[in-house]
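For the numbers below, each heavy atom of this structure counts, side chains included, while hydrogens, waters and symmetry mates do not. In the text below, chain A, chain B and the rest are named by the order of the sequence lines, each starting its count at 1.
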Protein chains: 2
Amino acid sequence: MATIRDVANLARVSVSTVSLVLRQPHRVSPETRERVEKAVEELQYQLNGIARDLRVRKTDTIAILLHNLSGPFYSELIRGVEEAGDALGFTTLAAGCSKNHDQGSLRLLKEGRVDGAIVLDPTISSPVLLRYARKTLPIVVLDRGLSGELQSDFITAVGSDHESGGYLAGQHLLAQGYRRFALIAGPVNSEHSHLREMGFFRALQEGAVDVTTIPVIHSDFTEQGGIRAMNMLLDHEWTAEAVFSANDEMAIGALQVLEERHFAIPKDVAVMGFDDIRLARYVTPPLSTIRQPMYELGVAAMKQLHRAMEGKTRIPGEMLPVKLVPRASTQSRITKAGDESDVS
Amino acid sequence: MATIRDVANLARVSVSTVSLVLRQPHRVSPETRERVEKAVEELQYQLNGIARDLRVRKTDTIAILLHNLSGPFYSELIRGVEEAGDALGFTTLAAGCSKNHDQGSLRLLKEGRVDGAIVLDPTISSPVLLRYARKTLPIVVLDRGLSGELQSDFITAVGSDHESGGYLAGQHLLAQGYRRFALIAGPVNSEHSHLREMGFFRALQEGAVDVTTIPVIHSDFTEQGGIRAMNMLLDHEWTAEAVFSANDEMAIGALQVLEERHFAIPKDVAVMGFDDIRLARYVTPPLSTIRQPMYELGVAAMKQLHRAMEGKTRIPGEMLPVKLVPRASTQSRITKAGDESDVS
DNA sequence: AAGAAGCGTCGAAACGTTTCGATTCATAGG
DNA sequence: CCTATGAATCGAAACGTTTCGACGCTTCTT
């Protein structure tokens with residue numbers, strides 16, 4: 001690879017002049033400029049970005065750290081970050097997390113290869129984040145509790161309002177006339193699941209439902225987990241009319257079990273999920289759920305990051321509202337069928 | 001940020017000694033080593049990866065370039081690359097492509113920020129790839145024709161066998177007893193679509209079907225496009241018993257149209273897709289399709305890249321086999337219903 | 001006509017590492 | 001006792017840029 005020095009030699013100017021031509025062309029005379037440009041062309045010179053980054057001490061690059069790159073769930077969010085970052089002049093890198101944190105995405109943070117990061121991966125612990133966050137590398141965490149644990153001038157938070165989501169779900173089911181519930185929760189240590197559950201119960205209590213009798217099964221947010229949980233619920237003094245699952249994946253598992261065991265949905269049992277993954281609209285019956293504004297979350301995260309990178313320091317956490325998406329799986333027995341209004 | 005020099009000063013040794021402690025600890029005496037380690041700890045020293053990359057002229061990082069990061073379609077593939085790369089000691093970065101190629105992912109290649117790349121984005125033109133590929137930056141293109149256009153010592157190709165996929169689809173439909181077909185193809189300039197179509201026709205011809213009468217509509221690989229295409233087919237002297245769509249997205253669109261217009265599937269019309277996206281299994285009826293080995297493609301790509309990075313030069317292209325995934329949407333009228341064997 | 005101002009160009013330092021060869025010192029071999 | 005060997009450490013150069021201050025020229029101002 002040709003270096004700037006090669007270009008300088010060929011064009012018979014100094015290295016600094018070549019750099020000037022590249023960065024601030026107006027500052028060099030037309031003749032010299034042309035000579036340099038010709039040399040650049042002839043040598044197929046390409047700037048070495050690494051050398052530049054070293055010299056100017058920034059990379060114009062940010063990273064998104066994901067649990068695994070493969071989850072379709074975050075795709076909209078990533079798109080939000082990308083587009084917003086793009087508009088601001090940043091290159092966005094996504095990196096999954098290898099088992100080996102040292103060569104995985106954390107290397108980007110640790111070794112200062114990016115100017116900022118957005119962290120989605122819940123397996124990256126807060127202490128680790130606290131260690132790496134610094135003035136020159138602010139971090140936005142997505143969807144972690146804006147709790148006390150992460151106090152740092154260089155860490156800010158964006159998330160959606162899980163509690164309200166749960167509340168909306170509860171309200172909706174009540175409005176549809178259901179009075180007896182079961183719950184498929186996420187892992188016991190999942191704050192999201194917990195918040196959704198809290199909101200759900202809050203709604204039910206407002207509706208004068210006795211929440212103490214509601215069976216709760218904790219599972220793992222996967223379709224398989226939903227299947228297991230639903231089976232357990234059904235096998236254990238089943239009386240519910242509606243089941244609320246802390247995410248769509250598990251709800252879809254539950255749907256399968258119910259169908260297999262010949263329950264009519266929503267006639268015998270209503271099912272409600274959370275997240276509004278793409279699949280939700282396509283399963284039979286289409287799954288009612290709570291929609292997280294993934295794209296907007298991405299944009300919000302990028303904006304916060306940008307402000308932090310500009311040096312702003314006490315940026316308040318941001319909580320974005322979620323939205324009820326009613327579909328056939330929770331259609332009331334009261335309401336006439338056929339008024340599903342879900343435009344694709 | 002503390003630099004290696006700060007550490008050296010604090011530990012009262014030279015910079016080179018600190019570097020030795022970090023890279024080849026056995027070469028320095030236990031006492032010094034300990035002093036240095038203490039200094040590192042005290043200063044919270046973190047290596048500056050950029051400086052290092054500059055010095056050693058490599059980054060141990062590769063990039064995957066995607067059309068947009070958000071497509072769930074490639075997730076398995078990415079996982080394949082990641083895991084394989086991980087095992088080899090590389091950090092994998094994924095980057096979508098911004099409108100502005102200069103600050104988007106191509107910057108990674110152009111400015112030498114990675115040691116290799118895997119390109120999935122069909123919108124990155126071959127000339128561009130030819131320009132950036134070099135000894136120090138080999139590129140693996142995925143799923144482009146292994147055609148003549150991309151002759152370079154530093155570009156290799158991996159893809160799946162689209163033609164055979166089309167052939168399998170045709171064979172399957174014939175075996176199920178269908179004799180009259182319609183085709184929803186991809187964009188006219190899509191080589192994939194073209195190959196799938198060729199294979200499909202080859203099978204039909206072997207089955208003595210007159211392929212010249214088969215209506216073909218070109219669309220854009222999206223669900224909406226599938227809807228439009230299916231409507232056009234139906235509105236135009238419809239006689240087919242089975243429709244083959246060049247990908248699942250369009251097939252799913254077609255499914256919706258058929259249902260809306262009260263065709264029974266597969267009784268009145270069979271539908272077959274291509275790709276086996278996650279959704280395929282969940283739509284009603286479940287969609288028969290051709291499965292591309294996405295994960296394996298990723299692994300194969302990473303392996304090729306690795307060999308290229310080691311200097312190997314004329315690596316032959318690799319074409320991975322695809323697999324028929326029969327589901328209910330093409331169930332024969334002859335076969336008894338109920339023998340669907342699709343274990344999740 | 002003398003000084004100021006501006007333009008175009010350049011040399012050198014700096015960014016933070018790694019690594020090569022040199023230097024010092026202690027120990028072993030003869 | 002002298003030299004060869006090896007270990008521990010170091011200084012300096014190099015990686016490829018950007019940028020600051022300086023220098024020489026021309027042109028303008030008064």
Side-chain angles (χ1 to χ4, degrees), chain A residues 1-37 39-40 43-61 107-108 110-115 134-137, chain B residues 1-37 39-40 43-61 107-108 110-115 134-137:
Chain A
M1 289 288 283
T3 77
I4 200 174
R5 176 157 283 116
D6 300 326
V7 176
N9 290 340
L10 183 57
R12 327 198 110 262
V13 296
S14 77
V15 167
S16 25
T17 302
V18 178
S19 185
L20 275 195
V21 171
L22 264 30
R23 303 264 141 255
Q24 320 177 39
H26 64 272
R27 285 192 42 193
V28 21
S29 74
E31 308 87 56
T32 331
R33 192 192 315 163
E34 194 179 341
R35 226 169 49 240
V36 170
E37 278 162 356
V40 164
L43 294 173
Q44 294 255 50
Y45 168 72
Q46 291 284 8
L47 175 73
N48 181 321
I50 294 179
R52 180 164 128 106
D53 289 350
L54 177 61
R55 175 61 229 237
V56 305
R57 320 183 67 171
K58 68 190 181 106
T59 63
D60 288 322
T61 301
R107 195 165 71 107
L108 298 177
K110 193 163 54 175
E111 300 183 353
R113 287 188 158 77
V114 295
D115 293 346
R134 51 183 185 262
K135 180 113 169 282
T136 51
L137 176 63
Chain B
M1 289 291 283
T3 76
I4 200 175
R5 175 157 283 115
D6 300 326
V7 176
N9 289 341
L10 183 57
R12 325 198 112 264
V13 295
S14 78
V15 167
S16 26
T17 302
V18 177
S19 185
L20 275 196
V21 171
L22 265 29
R23 304 264 141 256
Q24 319 176 40
H26 63 273
R27 285 194 41 191
V28 23
S29 75
E31 308 87 58
T32 330
R33 192 190 315 161
E34 195 180 338
R35 227 168 50 240
V36 170
E37 277 162 356
V40 164
L43 293 173
Q44 294 254 50
Y45 168 72
Q46 291 285 8
L47 175 73
N48 181 320
I50 295 179
R52 180 162 126 107
D53 289 350
L54 178 60
R55 177 59 230 239
V56 306
R57 320 182 71 170
K58 67 189 182 107
T59 63
D60 289 322
T61 302
R107 197 166 69 105
L108 298 177
K110 193 164 50 178
E111 301 182 352
R113 285 188 160 75
V114 294
D115 293 346
R134 51 182 184 265
K135 179 110 170 283
T136 51
L137 176 64

* Asked: When we call it a touch if two heavy atoms are under 4.0 Å apart, what does B:E31 touch: a base, just sugar-phosphate, or nothing?
  ->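 No contact.
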* Base, sugar-phosphate, or nothing for B:Q24, non-hydrogen atoms under 4.0 angstrom? ->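 Answer is nothing: B:Q24 stays at 4.0 Å or more from every strand.
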Would you kindly give the [atom1]-to-[atom2] distance between [X] and [N], to the nearest whole Å?
| X | N | atom1 | atom2 | value |
| --- | --- | --- | --- | --- |
| B:D60 | C:dT18 | CG | P | 13 Å |
| B:E111 | D:dC15 | CD | C1' | 16 Å |
| A:Y45 | D:dT17 | OH | C1' | 7 Å |
| A:H26 | C:dG6 | NE2 | P | 15 Å |
| A:Q46 | D:dT17 | CD | P | 10 Å |
| B:L54 | D:dT18 | CG | P | 12 Å |
| A:R33 | C:dG8 | CZ | P | 9 Å |
| A:L22 | D:dT19 | CG | P | 12 Å |

Side chain of [X], base of [N]: donor and acceptor closer than 3.5 Å?
| X | N | value |
| --- | --- | --- |
| B:S16 | D:dG11 | yes |
| A:S29 | C:dG8 | no |
| A:R55 | D:dT18 | yes |

* Name the residue closer to the 5' end of DNA chain D, choosing between A:L20 and B:R27 according to the nucleotide with the nearest heavy atom. => B:R27
* **Residue whose nearest DNA chain D nucleotide is more 5′ - A:N48 or B:R12** =>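 Nearest nucleotide further toward 5': that of B:R12.
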Please determine whether a side-chain nitrogen or oxygen atom of [X] lies at a distance below 4.0 Å from atom OP1 or OP2 of [N].
| X | N | answer |
| --- | --- | --- |
| B:R23 | C:dT18 | yes |
| A:R57 | C:dC15 | no |
| B:S19 | C:dT18 | yes |
| A:T3 | D:dG16 | no |
| B:R5 | C:dG16 | no |

* To do: Take A:L137 and A:R134 through the test side-chain contact (heavy atoms from CB on, under 4.5 Å) and record every step on the way to the result.
  => CA-CA 5 Å; A:L137 176 63; A:R134 51 183 185 262; 3.8 Å; yes
* **Full working for side-chain contact (heavy atoms from CB on, under 4.5 Å) between A:R23 and A:L47** => CA-CA 11 Å; A:R23 303 264 141 255; A:L47 175 73; 3.5 Å; yes
* So, B:T59 and B:D53: side-chain donor and acceptor under 3.5 Å apart, yes or no? ->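 Checked: B:T59/B:D53 side chains show no N/O donor-acceptor pair below 3.5 Å.
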* **Any donor-acceptor N or O pair under 3.5 Å, side chains A:S14, A:T17** => yes
* Asked: Mapping A:V15 and A:P30 onto DNA chain C by nearest heavy atom, which one lands closer to the 5' end?
  -> A:P30
* Charged N to carboxylate O below 4.0 Å: is that the case for B:R107 and A:D60? -> no
* Of all the heavy-atom pairs spanning A:Y45 and A:T3, show the shortest one and how long it is. => CE1-C, 3.5 Å
* B:T17 side chain: which of C:dT17, D:dT17, D:dT9 is closest? -> D:dT9
